[in-house]
Amino acid sequence: VHQYQAKALPPQLRSVTLVWAVRSPQLFNLFEATFQDAADASATSAGAVSFDISLWVTAPNIAMGEGASEGASQVLTTQKYQTGRPDLQALFQPAAASGMKSLVFHCGPPGLEKAARAAAIELGMDYHTETFEL
């Protein structure tokens, strides 16, 4: 998003999709300003570049929707998210089917890296990873 704002993106770039899976939706709060910047950039780019965000919470017993657990007295995040593990192949499929060159850039734990790599390879997409361990 910041590169878009600085007019530093490659001219052939058409879309960026962030797929982020976390255990706690509270982590999304750290990036609320960035999510808003992405929405603003998408709205003002006149279709040149779209920025999409797909947020997932993998912890059990977390309510889907606006981020509040049913009956909870505290809203965990204002971001909309889905629960469970994302189906990476289904999420990557539209980019692969577009006919444009696509890159899956992964950063996360080894289990997610394995799933992301397998989906990218299956769909014929380029793949790059930066893995961390906590």
Side-chain angles (χ1 to χ4, degrees):
V1 174
H2 300 289
Q3 288 183 340
Y4 168 78
Q5 293 167 335
K7 311 269 189 257
L9 289 176
Q12 67 274 20
L13 183 67
R14 295 292 170 249
S15 69
V16 174
T17 301
L18 169 67
V19 178
W20 189 15
V22 298
R23 291 186 183 142
S24 170
Q26 293 159 312
L27 288 173
F28 299 142
N29 296 336
L30 298 171
F31 296 93
E32 288 220 29
T34 303
F35 296 154
Q36 187 59 53
D37 288 347
D40 293 347
S42 229
T44 61
S45 72
V49 180
S50 69
F51 295 93
D52 299 304
I53 299 171
S54 179
L55 303 176
W56 294 79
V57 175
T58 61
N61 303 320
I62 299 291
M64 191 168 142
E66 295 291 335
S69 298
E70 189 167 332
S73 61
Q74 175 186 8
V75 174
L76 301 176
T77 182
T78 61
Q79 300 300 315
K80 293 183 180 181
Y81 58 84
Q82 298 181 61
T83 58
R85 294 188 179 270
D87 179 345
L88 297 176
Q89 186 143 356
L91 289 168
F92 298 167
Q93 180 63 36
S98 73
M100 292 190 295
K101 185 173 178 142
S102 300
L103 170 69
V104 172
F105 186 105
H106 164 268
C107 179
L112 183 59
E113 190 274 333
K114 183 177 178 181
R117 181 175 13 94
I121 290 169
E122 176 73 23
L123 294 168
M125 302 171 82
D126 289 341
Y127 180 79
H128 175 81
T129 188
E130 293 186 12
T131 303
F132 64 88
E133 292 190 37
L134 298 176

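For the single chain, residues carry numbers from 1 onward in sequence order. Side chains are part of it too, since the values below use all heavy atoms of this structure and drop only hydrogens, waters and symmetry mates.
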Per-pair distances, 0.1 Å, donor-acceptor, side chain in residues 84-100, under 3.5 Å, sequence neighbours excluded:
unit_1	atom_1	unit_2	atom_2	d
D87	OD1	Q89	N	3.3
D87	OD1	A90	N	3.1
S98	OG	A95	O	2.7
S98	OG	M100	N	3.2

key: Qualifying residues under side-chain hydrogen bond (donor to acceptor under 3.5 Å, both in side chains), relative to E32, sequence neighbours excluded   = T78, Q79
ask   = Hey, would you say the W20 and Y81 ring centroids sit under 6.0 Å apart?
value = no
query = What distance separates F35 CZ from L55 CG, expressed to the nearest 0.5 Å?
reply = 4.5 Å
Please tabulate, for the side chains in residues 114-124, all donor-acceptor contacts under 3.5 angstrom to protein atoms that are two or more places apart in sequence or on a different chain.
unit_1	atom_1	unit_2	atom_2	d
R117	NE	E113	OE2	3.1
R117	NH2	E113	OE1	3.0

note = On a heavy-atom basis, the closest approach of M125 and V104 is CE-CG2, 3.9 Å
message = Run V22 and V57 through side-chain contact (heavy atoms from CB on, under 4.5 Å) and show every step you take.
response = CA-CA 5 Å; V22 298; V57 175; 4.3 Å; yes
key: Residues forming a side-chain hydrogen bond (donor to acceptor under 3.5 Å, both in side chains) with S54, sequence neighbours excluded   = W56
request  = Check the hydrophobic clustering (I, L, V, M, F, W, Y; side-chain heavy atoms under 4.5 Å; chains of links allowed) and say if Y127 and L112 are grouped together.
outcome  = yes
Joint hydrophobic cluster, I53 plus V19, side-chain heavy atoms closer than 4.5 Å = no
inquiry  = Listing request: all salt bridge (Lys or Arg N to Asp or Glu O under 4.0 Å) pairs with a residue in residues 94-104, at least two apart in sequence or in separate chains.
reply    = K101-D126
